[in-house]
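Heads up: the structure comes next, in structure tokens.
Each residue takes its place number in the sequence, starting with 1. For the numbers below, each heavy atom of this structure counts, side chains included, while hydrogens, waters and symmetry mates do not.
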Amino acid sequence: MEDRLRRLEAVQAMLLEIGQLSTSCTDIVQFLRAVHGALGRIMYAANFYVALNDRDGEENAVRFVYFVDEADEAPSPDEVVHLASPEQSPTAKVILSRQPLVMTAAEHISRRQVAAFGEGTVAEHWMGHPLLDQNHQPLGAIVIQSYDKEHTYSAEDEALFALIANQVSSALQGLQSMDRLERAVRERTLRLEHEVAERRRAENLQRALYEIASLSASAVDADALPRRLHEIISELINARNFLIALYHPDTQEVSIPYFVDEKDVEAPLKRFRYGMGMSSYVLKHKSAQLLDAASYRALVEAHQIDEPLGNENIASWMGAPMLLGEQAYGVIVVQSYDDTVIYTQADLDILAFMASHVAVALARMRGERAIRKAKASLEEQNAALNDALTQLRDAQSELVRQEKLASLGRLVAGVAHEINTPLGICVTATSHLVQELKLIKEDLAAGQLDEDGLNTFFDTVDQSLRIMTTNTQRAAALVRSFKQVAVDQSSDNIRHFNLAKYVDEVLLSLQPKLKGKPVKVEVDCPADIHLDSFPGAVSQIVTNMVMNSLVHGFGEDQAGTIRIKGRVDGDHVTFDYSDDGIGMDKDTLAQLFDPFFTTKRGSGGSGLGAHILYNLVTGPLGGTVKVNSAPGMGLHYQLRFPRDQRKPKDTAHA
């Protein structure tokens with residue numbers, strides 16, 4: 001009786017201990033080890049294991065989280081074991097049936113003979129109990145067994161084991177929840193750490209890209225640029241041994257502007273032909289390459305690398321081409337001689353990523369350098385063009401001035417020729433009158449002068465004076481017209497004048513050019529049109545129009561008509577000029593106002609008449625000019641310009 005009481009007290013103490021362990025332990029294995037020790041104080045427990053369902057894995061999969069056995073080897077607590085069917089595994093039968101199972105050695109052997117029941121060593125007494133959660137769903141199984149015939153389990157042991165199994169089930173639910181929570185926390189922590197590391201890596205990459213972009217945008221010294229690129233890339237990967245190779249497609253060569261290496265002070269070759277070394281290998285394949293010592297030696301032995309350059313005792317090697325589209329700018333190479341520094345695919349991805357952005361930066365820098373060079377060349381060309389334009393304008397101004405002087409000279413010659421006739425008549429009449437006066441004096445002295453002779457002399461004097469008066473008036477009119485027109489053409493002053501009278505004066509000065517030609521000039525201009533403008537410009541315009549018609553519009557003996565029409569249009573004057581000459585085609589008309597363009601080159605045409613006309617209308621007169629023509633339809637100018645050039649221009653309403 002005392003033994004039974006002591007056992008009950010031990011059971012009660014064990015149950016209390018299990019309860020305390022469930023709250024103090026955080027590790028399931030530690031908890032089960034304590035349960036095993038407590039269980040051994042109330043019954044034989046030399047062989048004891050607990051199998052728990054793998055809730056994160058497949059169905060019917062368990063892990064033997066705690067396993068102590070005298071005969072069988074313990075499986076790994078992390079190994080996932082797929083259960084056999086309940087007819088083949090006692091552990092599976094307990095878990096899946098959710099019922100306890102007790103077997104003696106004879107019963108076990110009997111079942112094994114029928115269905116190969118169980119794989120482990122047959123025990124003298126085997127006792128298993130399901131571990132169930134609060135919803136009566138299986139958590140796993142708790143098993144105790146004995147290989148010793150002297151140690152078997154009674155009905156009381158079975159009842160105590162069932163009680164202990166229930167207590168362990170309750171404790172395991174909490175521990176598994178805690179375990180899952182801790183595992184979730186660990187997993188979440190690992191994910192956060194990974195995210196932080198990835199974010200830090202992304203920030204470093206972003207900063208590196210920003211610095212590379214800044215380098216391409218700033219005026220960095222050519223020698224400092226590769227060194228700064230080395231520093232930027234070294235912040236992302238181990239780049240103790242680093243070189244930059246530039247590709248020159250025009251000469252099919254590779255140059256090494258930057259080289260830092262632990263084994264070699266300087267690059268073996270500063271410049272070499274394309275095809276040599278690993279740089280050429282990367283450029284040829286246009287893809288990033290990652291090599292270890294073995295793969296590097298294999299490439300060399302396979303002669304895929306022509307004439308390797310530099311130290312070949314490498315532990316790890318990376319090369320990334322600086323590509324922009326299909327254009328290769330060069331290669332960035334990083335290598336390690338230390339077996340503890342082995343580059344990974346992630347390192348290669350970073351190097352390739354950086355190399356592509358360096359290619360963009362190089363392209364931008366070369367583009368900007370080309371733009372600056374082109375700009376400087378363009379500025380030089382612009383300066384030369386400006387000088388040429390200034391010289392051209394000076395020459396053009398001189399030619400225009402000479403053309404005006406030539407026009408004025410032709411006007412002088414024509415007027416001189418025209419004045420010569422009336423003056424010659426006057427001279428002849430004067431000579432005749434002098435001769436008659438001499439004769440009349442002789443007759444008077446001889447006393448032979450009679451009334452008839454005196455009357456004849458008076459008639460001669462009267463006739464001679466009329467001839468002289470008519471011709472001197474004609475000469476005076478020509479001189480007056482020439483004087484006014486000549487003064488206006490050589491003056492840039494504004495004055496008040498009548499348009500109709502002034503056009504008549506200009507035409508009178510042009511009479512020598514019109515004389516003898518079957519060309520009529522018809523003027524339709526009201527007598528009340530008064531202008532405050534530049535008469536010299538009007539004179540030059542009319543002169544050039546008439547002369548162009550005579551030279552270009554009409555043939556040698558071709559008859560024709562020139563029509564001039566003036567009208568008032570508000571504050572403006574419309575001035576139409578037309579002839580019925582041969583006209584001109586579309587291409588010729590398009591070049592009419594171009595300087596030095598003429599259809600009479602070598603025949604007296606300077607090519608400046610229409611050009612001067614256009615400049616005078618749009619310049620001093622402040623007007624517009626339109627022209628229409630077609631072959632056989634003559635030429636028609638339409639001019640429009642302000643009446644009063646003294647009025648200020650209203651730019652607000654212009």
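- Residues satisfying the side-chain hydrogen bond (donor to acceptor under 3.5 Å, both in side chains) test with His285, not counting sequence neighbours, are none.
- A search for side-chain contact (heavy atoms from CB on, under 4.5 Å) contacts involving Asn382 returns Leu378, Leu385, not counting sequence neighbours.
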In sequence, state the C-alpha distance, the side-chain angles, and the governing distance for Lys284 and Tyr274, and then conclude on side chain to side chain contact (heavy atoms under 4.5 Å, CB included).
-> CA-CA 9 Å; Lys284 178 182 178 181; Tyr274 171 70; 3.6 Å; yes
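- The two residues Gly330 and Leu283 have their closest heavy-atom pair at O-CD2, 3.7 Å.
- Each of Leu639, Leu616, Ile541, Asn615 was compared with Val625 under the side-chain contact (heavy atoms from CB on, under 4.5 Å) criterion, and only Leu639 meets it.
- Side chain of Asp580 to backbone of Thr561: a donor-acceptor contact under 3.5 angstrom is found.
- With sequence neighbours excluded, the residues that form a side-chain hydrogen bond (donor to acceptor under 3.5 Å, both in side chains) with Lys286 are Glu326.
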Check the pair Gln645, Asp532 against side chain to side chain contact (heavy atoms under 4.5 Å, CB included), reporting the backbone distance first and the verdict last.
-> CA-CA 6 Å; Gln645 288 286 354; Asp532 285 288; 5.9 Å; no
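- Put simply, the side chain of Cys525 does not reach to within 4.5 Å of the side chain of Ile564, judged on heavy atoms.
- Side-chain atoms of His636 and Asp576, non-hydrogen and from C-beta on, do get closer than 4.5 Å to each other.
- Applying the salt bridge (charged side-chain N to carboxylate O under 4.0 Å, His left out) rule to pairs touching residues 440-455 yields nothing, sequence neighbours excluded.
- One distance of note links CZ of Arg495 with CZ of Arg646; it measures 10.5 Å at 0.5 Å rounding.
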Quick one: do Met545 and Tyr637 satisfy side chain to side chain contact (heavy atoms under 4.5 Å, CB included)? Show the steps, please.
-> CA-CA 9 Å; Met545 287 178 171; Tyr637 288 102; 3.7 Å; yes
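- For residues 619-641, the set of pairs meeting the salt bridge (charged side-chain N to carboxylate O under 4.0 Å, His left out) definition, not counting sequence neighbours, comprises Asp569-Arg640.
- Between the side chain of Asn498 and the main chain of Ala527, a donor-acceptor pair closer than 3.5 Å is present.
- Nearest heavy-atom pair, Ala359 versus Leu324, reported as atom, atom and distance to 0.1 Å: CB-N, 4.3 Å.
- No side-chain heavy atom of Asp504 sits less than 4.5 Å from a side-chain heavy atom of Leu508.
- A side-chain donor-acceptor contact under 3.5 Å links Thr390 to the backbone of Asn386.
- In this model, a donor atom of one side chain and an acceptor atom of the other lie less than 3.5 Å apart for Asn544 and Gln540.
- Remark: side-chain polar atoms of Tyr502 are paired, donor with acceptor, to backbone N or O of Pro535 under 3.5 angstrom.
- A donor-acceptor pair under 3.5 Å is formed between the side chain of Ser280 and the backbone N or O of Gly275.
- In this structure, Asp579 contributes its side chain and Leu635 its backbone to a donor-acceptor pair below 3.5 Å.
- Counting only distance, with no hydrogens or angles, the side chain of Thr618 and the backbone of Thr624 share no donor-acceptor pair below 3.5 Å.
- One finds the CZ atom of Phe641 at 10.0 Å from the NE2 atom of His572 (value rounded to the nearest 0.5 Å).
- Contact of the Leu592 side chain with the Val627 side chain is registered, since non-hydrogen atoms from C-beta on lie closer than 4.5 Å.
- Put simply, CD on Glu379 and CZ on Arg372 are 12.5 Å apart, with the number rounded to the nearest 0.5 Å.
- Every residue two or more places apart in sequence or in another chain was checked for a salt bridge (charged side-chain N to carboxylate O under 4.0 Å, His left out) with Arg643, and none qualifies.
- Taking every heavy atom of both residues into account, Pro321 and Ala288 meet most closely at CD-N, 3.7 Å.
- The shortest non-hydrogen separation linking Arg227 to Tyr258 is CA-CE1, 3.6 Å.
- Around atom CZ of Phe259, more than 12 heavy atoms belonging to other residues, nucleotides or ligands sit under 6.0 Å away.
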Asp571 and Asp644: CA distance, side-chain angles, deciding distance, side chain to side chain contact (heavy atoms under 4.5 Å, CB included) verdict = CA-CA 8 Å; Asp571 291 334; Asp644 190 355; over 6 Å; no
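- Taken from CD1 in Ile332 to OG in Ser356, the straight-line distance is 9.0 Å, to the nearest 0.5 Å.
- Taking each heavy atom of Gly555 and Gln558 in turn, the nearest pair found is N-OE1, 2.8 Å.
- Here the closest non-hydrogen pair linking Pro642 and Gly622 is CD-O, 3.6 Å.
- Between Met354 and Ile232 the shortest side-chain heavy-atom distance falls below 4.5 Å.
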Give the intermediate values and the outcome of side-chain hydrogen bond (donor to acceptor under 3.5 Å, both in side chains) for residues Gln252 and Tyr247.
-> CA-CA 7 Å; Gln252 287 292 295; Tyr247 176 52; 2.7 Å; yes
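- Phe575 has its side chain within reach of Val542: a pair of non-hydrogen atoms, C-beta onward, lies under 4.5 Å apart.
- A 4.5 Å side-chain heavy-atom check between Leu507 and Val546 finds at least one atom pair inside the cut-off.
- Note: His230 and Phe242 have parallel aromatic rings, judged against thresholds of 30 and 60 degrees for the angle between ring planes.
- Under the 3.5 Å distance criterion, the side-chain polar atoms of Ser629 are matched with a main-chain donor or acceptor of Met584.
- Ion pairing between Asp524 and Arg567 holds under the 4.0 Å rule for side-chain N and carboxylate O.
- Atoms CG and OG1, from Leu439 and Thr460 in turn, are 10.0 Å apart once rounded to the nearest 0.5 Å.
- Going from atom CG of Asn628 over to atom CE of Met633 covers 10.5 Å, rounded to the nearest 0.5 Å.
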